Chemist: 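Have a look at this one before I ask anything.
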Amino acid sequence: MELTTAFIIFIVSYVLIISEKLNRALVACIGGVLMLFFGVLDLDAAFINHIDWHTITLLLSMMILVSITSQSGFFEYIAITVAKKVKGKPIPLLVVISLLTGVGSAFLNNVTTVLLIVPIVLTLTKLLNITAIPYLLMTILASNIGGTATLIGDPPNLMIGQAVEHLNFNDFLIHLGPVVIIIFAVVIYGMVRFYGDKLHVTNENQVKLMGVTASRYLKNKPLLFKSVTVLVVTTLGFIIQPLLKVELTSVAMAGALLLLLLTYEEQKVEEVFKSVEWVTIFFFVGLFMLVGGLKEVGIIDEIAKSIIYYTEGDLPKTSILILWSSGILSGFVDNIPFVAAMIPVILEFQNYGMTNLDPLWWALALGACLGGNATLIGATSNVIVAGLAVRANQSFSYMEFLKVGAPVALVSFIISTIYIYFRYLIYFY
């Protein structure tokens with residue numbers, strides 16, 4: 001009875017999340033409470049065993065850091081400065097926006113980065129009197145690709161990093177960074193070729209951009225110095241975390257609390273907390289409870305057995321299956337609930353004789369993060385950009401994005417397959 005109840009609650013919640021007819025945080029939390037109400041989950045077990053408070057706290061800390069830094073005008077200043085460096089030329093500007101988004105998504109997280117980059121893109125394209133759509137599409141693609149490179153770049157990586165104790169910030173950078181750079185270069189080249197003849201800027205509009213003073217965007221210089229310093233120090237803390245022997249979450253918390261303390265006069269704590277993306281936080285809480293219900297009734301264990309049966313416990317087969325299945329599914333459903341369901345499945349493989357699970361983690365990360373580029377609903381950042389575009393009268397359709405996103409995702413999967421095979425799996429043949 002409990003098994004059927006857990007399955008129905010999870011599927012109905014999942015369908016409602018995908019449909020986006022209701023707020024996804026509301027759906028996930030209602031699903032989690034129903035797991036408690038029908039006795040699938042015990043309240044203590046949910047809060048102690050299933051809700052990953054490390055992930056929740058890390059997300060919250062990064063949101064606080066970026067929220068305060070954004071109030072200084074730092075991100076707008078960087079964008080205007082870089083745009084002036086390329087003299088407002090449309091194709092170099094496309095490349096620059098891609099690089100800014102990719103790097104930002106790797107070290108800030110992709111949702112936060114697109115929220116900062118899109119208004120800048122809209123401002124720049126308005127100044128240059130050109131369509132914003134190619135730049136918005138490239139912002140989506142670059143955010144998902146760049147976010148794949150680090151532990152904090154994309155929520156799926158964050159979830160994997162918190163679930164696997166021996167994987168730290170540097171591991172993600174070392175193992176995923178090289179393939180992300182290759183994919184990024186290929187995608188930028190493809191987009192430049194695709195849009196090369198379609199973007200033109202008049203000399204008059206270039207002159208207009210060159211006349212914009214970037215420094216006017218810097219609203220508060222003391223806040224700028226404090227926030228950028230703490231953000232840089234926190235990022236360095238992530239990198240040297242194995243030497244510090246301190247939890248990644250502790251580093252992020254220390255950075256967020258230090259910045260709140262240093263900026264107490266400039267930024268009211270209440271206002272900072274209002275700017276936190278609480279919808280995302282509560283979505284994670286509800287999601288962990290939903291997946292916890294599946295774990296409690298043994299569904300996760302059965303999925304693991306099925307995959308092992310199909311691949312006969314062969315690591316290369318299992319890795320490639322996880323890469324492509326997670327990639328394809330993440331194109332059509334939000335990658336966060338999918339990864340939340342897959343993490344306990346992969347952990348369960350240890351009970352069936354698999355000792356080296358690292359290739360599976362990299363396959364899951366690449367598939368889930370890069371699969372977000374396939375469709376407009378594949379990742380949270382995609383939906384955010386599309387919503388901002390509608391408000392600015394620069395909207396693009398589901399099919400318009402699909403024509404660009406699906407080929408990009410396919411090429412990304414092929415490159416990732418070759419990379420995983422030659423870096424991790426060739427030794428097993």
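These numbers come from a predicted model, not from an experiment.
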Chemist: Can you give me the closest heavy-atom contact between Phe288 and Ile51, atom names plus distance?
Modeler: CB-CA, 3.7 Å

Chemist: With sequence neighbours left out, write down each residue that passes side chain to side chain contact (heavy atoms under 4.5 Å, CB included) with Thr249, or none if nothing qualifies.
Modeler: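 Counting only residues at least two positions away or on another chain, Thr249 forms a side chain to side chain contact (heavy atoms under 4.5 Å, CB included) with His54, Thr57, Leu58, Gln162, Met253.
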
Chemist: Evaluate whether atom NZ of Lys219 has more than 12 neighbouring non-hydrogen atoms of other residues, nucleotides or ligands under 6.0 angstrom away.
Modeler: yes

Chemist: Please assess Ile64 against Val276 for the test side-chain contact (heavy atoms from CB on, under 4.5 Å), listing each intermediate value before the final yes or no.
Modeler: CA-CA 7 Å; Ile64 290 170; Val276 168; 4.0 Å; yes

Chemist: Just by modelled atom types, is the Gly102 backbone N or O under 3.5 Å from a matching donor or acceptor in the Ser105 side chain?
Modeler: no

Chemist: For Thr375, is there any backbone N or O sitting under 3.5 Å from a side-chain donor or acceptor partner on Asn382?
Modeler: yes

Chemist: What's the shortest heavy-atom distance between Thr101 and Thr113, and which atoms?
Modeler: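 Nearest heavy atoms, Thr101 then Thr113: O-CG2, 3.6 Å.
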
Chemist: Under 30°, 30 to 60°, or over 60°: which ring-plane class applies to Trp278 and Phe273, parallel, tilted or perpendicular?
Modeler: tilted

Chemist: How many angstroms lie between OG in Ser275 and CD1 in Ile68, if you round to the nearest 0.5 Å?
Modeler: 7.5 Å

Chemist: Of all the heavy-atom pairs spanning Ala83 and Leu93, show the shortest one and how long it is.
Modeler: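 Answer, listing the atom of Ala83 first, then Leu93: CB-CD1, 3.7 Å.
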
Chemist: What's the shortest heavy-atom distance between Ile183 and Ser412, and which atoms?
Modeler: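 For Ile183 and Ser412, the tightest heavy-atom pair comes out as CG2-OG, 3.4 Å.
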
Chemist: What I'd like to find out is whether the side chain of Glu400 reaches to under 4.5 Å of the side chain of Ile133, using heavy atoms alone.
Modeler: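 Yes, side chains in contact.
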
Chemist: Should His166 and Asp358 be marked as a side-chain hydrogen bond (donor to acceptor under 3.5 Å, both in side chains) after you check the CA-CA gap, both sets of side-chain angles, and the distance that decides it?
Modeler: CA-CA 10 Å; His166 70 273; Asp358 284 2; 2.8 Å; yes

Chemist: Rounded at 0.5 Å granularity, tell me how far CH2 in Trp324 sits from CG in Leu410.
Modeler: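 Here the interatomic distance stands at 5.0 Å.
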
Chemist: Check whether any side-chain N or O of Trp361 sits under 3.5 Å from a backbone N or O of Gly161 as a donor-acceptor pair, and report yes or no.
Modeler: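 Flag not set: sc Trp361 to bb Gly161 has no pair under 3.5 Å.
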
Chemist: How many angstroms lie between CG in Leu36 and CG in Asp42, if you round to the nearest 0.5 Å?
Modeler: 8.0 Å

Chemist: Parallel, tilted or perpendicular: which describes the rings of Phe172 and Trp362, with under 30° parallel and over 60° perpendicular?
Modeler: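 Because their plane-to-plane angle is over 60°, the rings of Phe172 and Trp362 count as perpendicular.
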
Chemist: State, yes or no, whether a side-chain contact exists between Leu176 and Asn157 at a heavy-atom distance under 4.5 Å.
Modeler: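 Heavy-atom side-chain distance check passes, below 4.5 Å.
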
Chemist: Going through the distances and angles, do Phe284 and Asp52 end up as a side-chain contact (heavy atoms from CB on, under 4.5 Å)?
Modeler: CA-CA 9 Å; Phe284 270 91; Asp52 189 340; over 6 Å; no

Chemist: State the OG-CD distance between Ser67 and Gln267, to the nearest 0.5 angstrom.
Modeler: 7.0 Å

Chemist: Is there a side-chain contact between Leu376 and Leu402 (heavy atoms, below 4.5 Å)?
Modeler: no

Chemist: Can you confirm whether Val404 sits close enough to Phe396 that some side-chain heavy atom of one is under 4.5 Å from a side-chain heavy atom of the other?
Modeler: no

Chemist: First locate atom OG1 of Thr235, then atom CD1 of Ile240, and finally report the distance between them rounded to the nearest 0.5 Å.
Modeler: 11.5 Å

Chemist: Walk me through whether Gln71 and Glu271 qualify under side-chain contact (heavy atoms from CB on, under 4.5 Å).
Modeler: CA-CA 11 Å; Gln71 294 302 311; Glu271 293 301 316; over 6 Å; no

Chemist: Taking the side chain from Thr150 and the backbone from Ala106, do they hold a donor-acceptor pair closer than 3.5 Å?
Modeler: yes

Chemist: Please find the pair of heavy atoms, one from Tyr135 and one from Ile97, that lie closest to each other, and give the distance.
Modeler: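 Here Tyr135 and Ile97 meet closest at CD2-CD1, 3.7 Å.
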
Chemist: Are any of the side-chain heavy atoms of Leu290 and Leu294 separated by less than 4.5 Å?
Modeler: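 Leu290 does not reach Leu294 side chain to side chain.
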
Chemist: At what distance, to the nearest 0.5 angstrom, does CG of Leu370 lie from CD1 of Ile145?
Modeler: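 Nearest 0.5 Å value for the CG-CD1 distance: 6.5 Å.
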
Chemist: Within the 4.5 Å heavy-atom criterion, are Thr125 and Thr131 side-chain neighbours or not?
Modeler: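 Thr125 vs Thr131: side chains apart.
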
Chemist: Might you confirm whether atom NZ of Lys89 has over 12 heavy atoms from other residues, nucleotides or ligands at distances under 6.0 Å?
Modeler: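 Result for NZ/Lys89: open.
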
Chemist: Which heavy-atom pair separates Met289 from Leu41 by the least distance, and what is that distance?
Modeler: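 For Met289 versus Leu41, the nearest heavy atoms are O-CD1, 3.2 Å.
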
Chemist: Does some side-chain heavy atom of Pro178 sit less than 4.5 Å from a side-chain heavy atom of Arg423?
Modeler: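 Counting from C-beta outward, Arg423 and Pro178 do come under 4.5 Å.
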
Chemist: Start with the C-alpha gap between Leu366 and Phe413, add the side-chain angles, then the distance that decides, and say whether side-chain contact (heavy atoms from CB on, under 4.5 Å) holds.
Modeler: CA-CA 8 Å; Leu366 287 169; Phe413 298 156; over 6 Å; no

